[in-house]
Amino acid sequence: MNGCGNPPGRRRALGAGAGVLAAALLAGCAEPSGRREPTAGLPGRAAPTSGASGRAAPTSGTSGRPAPASGASAPPTPGASGPARAPAPAPRRFPGLPVRIAHGPRDLPRVALTFDGRGDPDLALAALARCERAGARVTVLAVGTWLARHPELARRILDGGHELGNHTEHHLDLAALGESAAYEEIAACARRLRRLTGSVGAWFRPSPTTYASPLVERLARRAGYPHVLACDVESLDHAATRVASVTRKVAGELRNGSVVELSLGRPVTVAALPLLLAEIGRRGLHAVTATELMARPATGAARTAG
């Protein structure tokens, strides 16, 4: 994970928003046992209740999610127990927007927290629970082999009110692969998502960076993804060892319409989430899924990085 919709190497200047978080960090980022994280609330939506295990109570159906594209989903195979569930939302086409989307509308107080789905599953569950207690809905771009080892996480993500997408099967460098191998990386993860959820997922994000070459964009469309999800705020949490590094980086660049890239299964990310969610709420922003962020006719400037 090293690039937010632009070729690797580009880094943005940090903004003034880091000051608030820096003060909070001086007071200590460790959270007392039993304390609930600050709420970055979403009007009209109750946060799911987390049980003793840290898992959130499942929500029913997919109310409030955009309707899947016609023919893009197939009913999932029922599990060993319980009735078959409705397919997860399929990729949605946003007319007027380019293939590669890095941010949403700048005139609405909404942001999308997007996570690379890999790493420690217990930390992933902790991250989801913290987001849910703050009323945040997020987008998880899952690596196929991670889902193969932890298939229950696919429905856990969806049942928490979040959305799930494709981050390739093995998290290889797509730019270093030939066309057929690169396509198989995308298609294999899509097949796995369909088996687990009935859909190829709401979004595709290439690996190991969010930058997509024209070839990768074409292969993604061939696999059923009208758009490639990039970002305009990269947390750099994959290389960070301190919470302050993550919170300063994100707070300094966060604004209306931002798509923030984070890691789901890293300790530093889980530790930083309460401060990040509090900062989102302090600014009057609402954390929504990437689909919810884009779900408005395009007006004004194109929503691409640059």
Fill in: Interatomic spacing from CG in Leu113 to CG in Leu273 - rounded to 0.5 Å
7.5 Å
Worksheet item: Can you tell if the side chain of Arg92 reaches within under 4.5 Å of the side chain of Pro226, non-hydrogen atoms only?
Response: no
Practice prompt. Measure the CG-CG distance between Leu125 and Leu153 for me, rounded to the nearest 0.5 Å.
Written response: 5.5 Å
Worksheet item: Would Arg110 and Glu292 pass as an ion pair if we require N to O under 4.0 Å?
Response: no
Fill in: Flag side-chain contact, heavy atom, 4.5 Å: Val260 against Leu276
no
Discussion item. Using side-chain heavy atoms (C-beta onward) and a distance below 4.5 Å, is Ser207 in contact with Leu174?
Written reply: yes
Worksheet item: If you take all heavy atoms of Ala212 and Pro206, which pair is closest and at what distance?
Response: CB-CG, 4.0 Å
Practice prompt. Determine whether more than 12 heavy atoms belonging to other residues, nucleotides or ligands lie under 6.0 Å from atom CZ of Arg221.
Written response: yes
Worksheet entry | Partners meeting side chain to side chain contact (heavy atoms under 4.5 Å, CB included) with Ala202 (sequence neighbours left out) | Glu163, Thr291
Worksheet item: Is Arg106 reaching over with its side chain to a backbone N or O of Asn256, donor-acceptor style, under 3.5 angstrom?
Response: yes
Worksheet item: Measuring from Glu152:CD to Ile157:CD1, what's the distance to the nearest 0.5 Å?
Response: 10.0 Å
Discussion item. To the nearest 0.5 Å, what is the distance between CZ on Arg248 and CG on Leu236?
Written reply: 13.5 Å
Worksheet item: What are the two closest non-hydrogen atoms of Pro208 and Asp173, and how far apart are they?
Response: CD-CA, 3.4 Å
Worksheet item: What distance separates Leu277 CG from Cys131 SG, expressed to the nearest 0.5 Å?
Response: 5.5 Å
Fill in: Residues which pass side chain to side chain contact (heavy atoms under 4.5 Å, CB included) with Ala154, listed by chain and number, not counting sequence neighbours
Leu147, Leu164, Leu196, Thr197
Practice prompt. Using the test side-chain hydrogen bond (donor to acceptor under 3.5 Å, both in side chains), find all partners of Arg191 that sit at least two apart in sequence or belong to another chain.
Written response: Glu184
Discussion item. List the residues meeting side chain to side chain contact (heavy atoms under 4.5 Å, CB included) with Thr145, not counting sequence neighbours, and say none if there are none.
Written reply: Val143, Arg149, Glu169, His170
Item to complete: Test Val246 against Leu275 for side chain to side chain contact (heavy atoms under 4.5 Å, CB included), laying out the working first.
Response: CA-CA 10 Å; Val246 177; Leu275 285 173; over 6 Å; no
Worksheet item: Same hydrophobic cluster for Leu215 and Tyr183, using side-chain heavy-atom links shorter than 4.5 Å among ILVMFWY?
Response: yes
Item to complete: For the pair Val228 and Thr210, evaluate side chain to side chain contact (heavy atoms under 4.5 Å, CB included) and give the outcome as yes or no after the intermediate values.
Response: CA-CA 8 Å; Val228 172; Thr210 65; over 6 Å; no
Discussion item. Show, in sequence, the C-alpha distance, side-chain angles and deciding distance for Val233 and Val111, and conclude whether the side chain to side chain contact (heavy atoms under 4.5 Å, CB included) test is met.
Written reply: CA-CA 10 Å; Val233 178; Val111 297; over 6 Å; no
Fill in: Donor-acceptor pair, side chain of Tyr225 and main chain of Val200, under 3.5 angstrom
yes
Worksheet item: Where the side chain of Thr289 meets the backbone of Arg137, is there a donor-acceptor pair that is under 3.5 Å apart?
Response: no
Discussion item. Same cluster or not: Leu177 versus Phe204, using hydrophobic residues (I, L, V, M, F, W, Y) connected whenever any side-chain heavy atoms lie under 4.5 Å apart?
Written reply: yes
Worksheet item: Is it true that a side-chain atom of His167 and a backbone atom of Arg205 form a donor plus acceptor pair closer than 3.5 Å?
Response: yes
Discussion item. Using the rule side-chain contact (heavy atoms from CB on, under 4.5 Å), only one of Leu264, Leu229, Val138 pairs with Thr114; which is it?
Written reply: Leu229
Worksheet item: Which pair of heavy atoms, one from Cys189 and one from Gly144, lies closest together, and at what distance?
Response: SG-N, 3.7 Å
Discussion item. If the condition is side chain to side chain contact (heavy atoms under 4.5 Å, CB included), which residues does Arg266 pass it with, not counting sequence neighbours?
Written reply: Ser263, Val268, Thr269
Item to complete: Look at the rings of His227 and Trp203 and say which category their plane angle falls in: under 30° parallel, 30 to 60° tilted, over 60° perpendicular.
Response: tilted
Worksheet item: So which heavy atom on Val243 is nearest to which on Ala271, and how close?
Response: CG2-CB, 3.5 Å
Discussion item. Determine whether Thr209 and Glu261 satisfy the following criterion, side chain to side chain contact (heavy atoms under 4.5 Å, CB included), listing intermediate values before the conclusion.
Written reply: CA-CA 10 Å; Thr209 78; Glu261 186 188 32; over 6 Å; no
Worksheet, complete the sentence: Val259 and Ala230 have their tightest heavy-atom pair at CG1-O, 3.4 Å
Item to complete: Would you please name every residue forming a side-chain hydrogen bond (donor to acceptor under 3.5 Å, both in side chains) with Arg218, sequence neighbours left out?
Response: Glu179
Discussion item. Quick check: closest heavy atoms across Val270 and Leu123, and the distance to 0.1 Å?
Written reply: CG2-O, 3.5 Å
